[in-house]
Amino acid sequence: MKKLIVFNWKMNPPSPREAEALFQEVKIYASAARAHAEVVICPPSIYIQSLFSRISRLSPLLCGAQNVFWENKGAYTGEVSPQMLKRVGVRYALVGHSERRAVLHETDAMIARKVRAGLHAGLRVVLCVGEPLGVRRRGAQEGERFVAQQLARALEKGSASKAQTRKNLLVAYEPVWAIGAGRTATPEDAARMSRHIAQYLKKTQGLSGVRVLYGGSVSGGNAENFLHYKEIDGVLVGGASMHAKEVQQIIHSL
Ligand code: PGA
């Protein structure tokens, strides 16, 4: 199966013009690597239509959203629904990113509703999990317990069918202490956690074959070390997404 590379642009770049320029560059790199990689860009939602509306079905780039709400319409100021995303061509949605958990105070209950709504709408949901530094310091097993709990809570309200969930749910393991920090989990630890996540989902939810990505300071210089592991199905890239050279290196490390 192709590896998946997801670029999370976060709240960058500052202008539509810069977004378009970066997008065009990434498209060229993704095109050259399409035999080995599926490449997703998650831009700020305000750029989604201008970047992706002219793109054909054969494009090497897929569109992702950085967030999704749980209702499909109504009085929810500032929110964007799963159906709206779907209708403008969005295929993937990040849910439960640690910045949203920490800065926007998203709770496990909110995340569970988002996962369910996203899957129900037919989006591929990338559920982000990962332990904070305090937990990590208590050892790998504590980290695994923490992540298992996040998974259990996020999938608690599962109402999408098993087949739909198996097909459309992905997990991104992003240790909180590695995000934007310039230091990563070791590839061995990331592979071990990916294995743990896959086994946990199989054992407790009967979900086999869920793809697991690694995220947290992935760069052109280290992506290969993660992608090389069969347990790691891809990477979720934040900061490095803004630098065309890094993007090229990451895509071509496959
Ligand atoms: P980073 O971010 O690559 O800048 O660490 C990853 C993420 O936030 O998904």
Side-chain angles (χ1 to χ4, degrees), residues 3-14 18-19 22 26 29 37-45 47-48 61-68 90-106 111 114-115 118 123-133 136 143 146-147 150-151 154 169-187 189-190 193-194 197 211-227 229 232-254:
K3 297 268 181 177
L4 179 65
I5 301 177
V6 182
F7 292 108
N8 172 15
W9 283 10
K10 310 196 182 196
M11 206 170 69
N12 302 296
E18 287 160 281
L22 181 60
V26 182
Y29 307 140
E38 198 172 318
V39 181
V40 178
I41 291 184
C42 303
S45 59
Y47 298 151
I48 285 176
L61 288 176
L62 297 171
C63 182
Q66 297 176 18
N67 179 36
V68 60
V90 172
R91 306 272 291 276
Y92 285 80
L94 306 182
V95 172
H97 191 281
S98 76
E99 284 151 16
R100 295 201 60 86
R101 292 180 193 253
V103 184
L104 282 306
H105 304 292
E106 271 190 17
I111 290 162
K114 291 179 177 205
V115 168
L123 291 167
R124 295 213 156 133
V125 170
V126 181
L127 169 61
C128 303
V129 296
E131 79 288 355
L133 189 57
R136 175 70 216 181
F146 185 93
V147 164
Q150 284 183 319
L151 292 171
L169 179 74
L170 296 94
V171 175
Y173 168 56
E174 298 203 293
V176 176
W177 47 270
I179 296 178
R183 66 185 166 135
T184 67
T186 65
D189 283 351
M193 181 63 96
S194 299
I197 290 170
R211 289 191 281 172
V212 184
L213 317 179
Y214 169 77
S217 297
V218 171
S219 67
N222 64 32
E224 191 176 3
N225 304 337
F226 295 98
L227 291 166
Y229 278 89
I232 301 178
D233 297 295
V235 286
L236 174 52
V237 184
S241 308
M242 284 298 108
H243 306 284
K245 270 267 150 285
E246 295 275 331
V247 169
Q248 181 182 25
Q249 256 185 298
I250 292 169
I251 294 177
H252 290 169
S253 62
L254 280 166

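Numbering of ligands and ligand atoms starts at 1, following listing order. Keep in mind it's a predicted model, so treat the numbers as computed, not measured.
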Nearest protein heavy atom with distance in Å, relative to [atom]:
| atom | value |
| --- | --- |
| atom 3 (O) of ligand 1 | G238 N, 2.8 Å |
| atom 2 (O) of ligand 1 | K10 NZ, 3.2 Å |
| atom 4 (O) of ligand 1 | G239 N, 2.7 Å |

Per the side-chain contact (heavy atoms from CB on, under 4.5 Å) rule, which among N225, I232, N222, L227 passes with P187?
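Of all the options given, the one that passes is N225.
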What I'd like to find out is whether the side chain of [X] reaches to under 4.5 Å of the side chain of [Y], using heavy atoms alone.
| X | Y | answer |
| --- | --- | --- |
| E99 | I179 | yes |
| K114 | N67 | yes |
| M242 | F7 | no |
| I5 | L254 | yes |

Heavy atoms only: which of E246, E174, E99 is nearest to atom 7 (C) of ligand 1?
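Nearest option to atom 7 (C) of ligand 1, by heavy atoms: E174.
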Under 4.0 Å from any heavy atom of [X], which atoms of ligand 1 are there?
| X | result |
| --- | --- |
| S217 | 1 (P), 3 (O), 5 (O) |
| L236 | 9 (O) |
| I179 | 2 (O), 5 (O), 8 (O) |
| G216 | 5 (O) |
| N8 | 8 (O), 9 (O) |
| H97 | 7 (C), 8 (O), 9 (O) |

Any donor-acceptor N/O pair, E246 side chain to S219 backbone, under 3.5 Å
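Checking the backbone N and O of S219 against the side chain of E246, no donor-acceptor pair under 3.5 Å is found.
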So is A240 close enough to ligand 1, meaning a heavy atom under 4.0 angstrom away?
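Flag not set, A240 not near ligand 1.
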Is there a heavy atom of G180 sitting under 4.0 angstrom from any atom of ligand 1?
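G180 counts as a contact of ligand 1 under the 4.0 Å cut-off.
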Could you label the plane-to-plane angle of the F226 and Y214 rings as parallel, tilted or perpendicular, counting under 30° as parallel and over 60° as perpendicular?
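Judged by the thresholds at 30° and 60°, the geometry between F226 and Y214 is parallel.
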Straight-line distance of L94 CG to E174 CD, nearest 0.5 Å:
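CD of E174 is found 8.0 Å from CG of L94.
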